[in-house]
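This structure is a prediction, so every number in the text was calculated from the model and none was measured.
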Amino acid sequence: MRTLFNCKECVDLLMDYLEGNLDPEIQKKLDQHFAACPPCVKFLDSYRACSEMAQQLKDQQVRIPLELENRLKAFLKEEIKKV
Amino acid sequence: MVIFSLRQMRAKELGQQQIIEGLKSHDSEIVDDFVQQFSRPLFGIILNYTKNPSDAEEILQDTLLRVIRKIDTFRQESDLWPWMKRIAINNSIMWLRKNRSIRQREVHLEDFTPQFSEDGHLEHPIFSWPVDPEDIILNTELASQLYEAIQSLPFEYRTPLVLRDIEGYPVKQIASLLGLKEATAKTRVHRARLFLREKLIKYFEGQA
Ligand SMILES: [Zn+2]
């Protein structure tokens with residue numbers, strides 16, 4: 001088995017790498033590759049940024065139209081009468 | 001201080017017990033409060049799965065109704081919100097599954113994956129990410145670009161991505177929610193991220 005990983009092999013494992021799920025041996029191989037490959041580091045940064053941006057969407061405020069809220073109230077009160 | 005707390009009381013957030021009892025006894029005033037208190041956060045969750053407002057409204061309505069119908073099965077000692085949230089997510093997933101073929105124009109994820117040379121090296125130049133992830137909170141255009149990119153993912157990829165990155169579920173739970181093997185769920189999240197990354201790079205490049 002080759003001792004060094006290439007970029008593709010590292011990119012394929014990024015998710016586990018970031019979550020710390022890799023075998024320590026494998027983790028080390030990725031670290032070694034990143035230490036010598038600036039493009040991969042940039043790639044890693046952008047991959048992580050993307051995931052973190054999505055995480056931020058969780059707290060996005062949504063507005064709910066009053067008209068919809070009223071419609072839902074009316075609908076549900078009608079439904080509970082049916083039972 | 002006093003005025004503030006009085007006002008808070010008037011805006012009354014119902015306690016869990018009150019809601020449960022009220023819904024069980026079909027108290028229509030409680031139903032109103034229930035809608036007022038929970039429809040907005042539930043809508044926020046549902047919109048992560050479908051951006052189409054009329055679809056999202058339909059899912060929301062069905063979710064609220066399900067909560068009321070299933071309230072008898074709710075275990076008192078657990079928290080109501082995660083339980084409702086799960087119903088909303090399940091509903092969204094079911095709905096997407098049912099409707100995906102009708103409206104999903106298939107995107108080819110391969111068109112949005114990083115390019116490697118034959119020996120597995122990243123093709124240069126690699127793009128430098130121009131923003132902090134937190135910037136998205138204030139940058140509504142960026143947020144809507146990301147939303148759109150997520151929406152354009154095929155169902156099979158969008159749902160795992162939303163569950164992992166937006167909802168923060170562990171891969172194991174995503175796999176069981178979607179009836180997938182863990183490895184498959186993981187691969188899909190990864191591919192979806194690669195897709196979003198490429199999509200956003202195209203957007204950033206267009207901006208430059
Ligand atoms: Zn590399």
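- Scanning both residues, B/Glu57 and A/Leu68, for their nearest heavy atoms gives CG-CD2, 3.6 Å.
- Taking both residues in full, the closest heavy atoms of A/Cys7 and B/Phe116 are given as C-CE2, 3.9 Å, listed atom of the first, atom of the second, then distance.
- Residue-environment remark: NZ (A/Lys28) stays at or below the threshold of 12 foreign heavy atoms within 6.0 Å.
- Contacts between B/Leu64 and chain A at a heavy-atom distance below 4.5 Å involve backbone atoms as well as side-chain atoms.
- Not a single donor-acceptor pair under 3.5 Å links the side chain of B/His190 to the backbone N or O of A/Asp16.
- Residues A/Leu72 and B/Phe34 fail the side-chain proximity criterion, which asks for heavy atoms closer than 4.5 Å.
- Between the CD atom of A/Glu69 and the CD atom of B/Gln36 there is a distance of 5.0 Å, given to the nearest 0.5 Å.
- Residue B/Val162 does not touch chain A at all, counting heavy-atom pairs closer than 4.5 Å.
- Looking at A/Cys10, neither its backbone nor its side chain comes within 4.5 Å of chain B, counting heavy atoms on both sides.
- Note that NZ of A/Lys73 and CD of B/Glu29 are 10.5 Å apart. Values are rounded to the nearest 0.5 Å.
- Between B/Arg193 atom CZ and A/Met15 atom CE the span is 5.0 Å, to the nearest 0.5 Å.
- Between A/Lys77 and B/Ser28, the shortest heavy-atom distance links the atoms CD-CB, 3.4 Å.
- At least one side-chain heavy atom of B/Ile150 sits under 4.5 Å from a side-chain heavy atom of A/Leu57.
- You'll find the side chain of B/Phe127 stays beyond 4.5 Å of the side chain of A/Ser46, heavy atoms only.
- Taken to the nearest 0.5 Å, the CG atom of B/Leu194 stands 8.5 Å off from the CG atom of A/Asp12.
- With A/Asp45 contributing its side chain and B/Trp129 its backbone, the two residues share no donor-acceptor pair below 3.5 Å.
- Interface remark: B/Leu23 contributes no atoms to any contact with chain A (heavy atom separation under 4.5 Å).
- Within a 6.0 Å radius of NZ in B/Lys172, no more than 12 heavy atoms belonging to other residues, nucleotides or ligands are found.
- In A/Glu25, the CD atom is not crowded: 12 or fewer heavy atoms of neighbouring residues, nucleotides or ligands sit closer than 6.0 Å.
- In terms of heavy-atom pairs under 4.5 Å with chain A, the best-connected choice from B/Leu161, B/Leu200, B/Leu146, B/Val171 is B/Leu146.
- Shortest non-hydrogen contact noted between A/Ala54 and B/Ile166 is O-CG1, 3.4 Å.
- Under the 4.5 Å side-chain criterion, counting only non-hydrogen atoms from C-beta, B/Asp119 is not in contact with A/Asn6.
- Proximity to chain B is limited to the side chain of A/Phe75, based on heavy atoms less than 4.5 angstrom apart.
- The residue among B/Ser117, B/Ser128, B/Pro41 with the most heavy atom pairs within less than 4.5 Å of chain A is B/Ser128.
- Neither the backbone nor the side chain of A/Arg48 comes within contact range of chain B; no heavy atom of the residue lies under 4.5 Å from a heavy atom of that chain.
- For B/Ile137, the parts lying under 4.5 angstrom from a heavy atom of chain A are both the backbone and the side chain.
- Of the residues considered (A/Lys42, A/Glu52, A/Arg71), A/Lys42 shows the highest number of contacts with chain B, using heavy-atom pairs under 4.5 Å.
- The distance from atom CE of A/Met53 to atom CG of B/Asp135, rounded to the nearest 0.5 Å, is 8.5 Å.
- Both the backbone and the side chain of B/Leu196 come within less than 4.5 Å of a heavy atom of chain A.
- The choice from B/Asp165, B/Val189, B/Val35, B/Ile68 that makes the most heavy-atom pairs within less than 4.5 Å of chain A is B/Asp165.
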Residues B/Arg164, A/Glu19; criterion salt bridge (Lys or Arg N to Asp or Glu O under 4.0 Å); working and verdict: CA-CA 12 Å; B/Arg164 180 74 198 99; A/Glu19 294 186 9; 3.1 Å; yes
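- Separation of atoms CD (A/Gln56) and CG (B/Asp132) is listed at 10.0 Å; rounding is to 0.5 Å.
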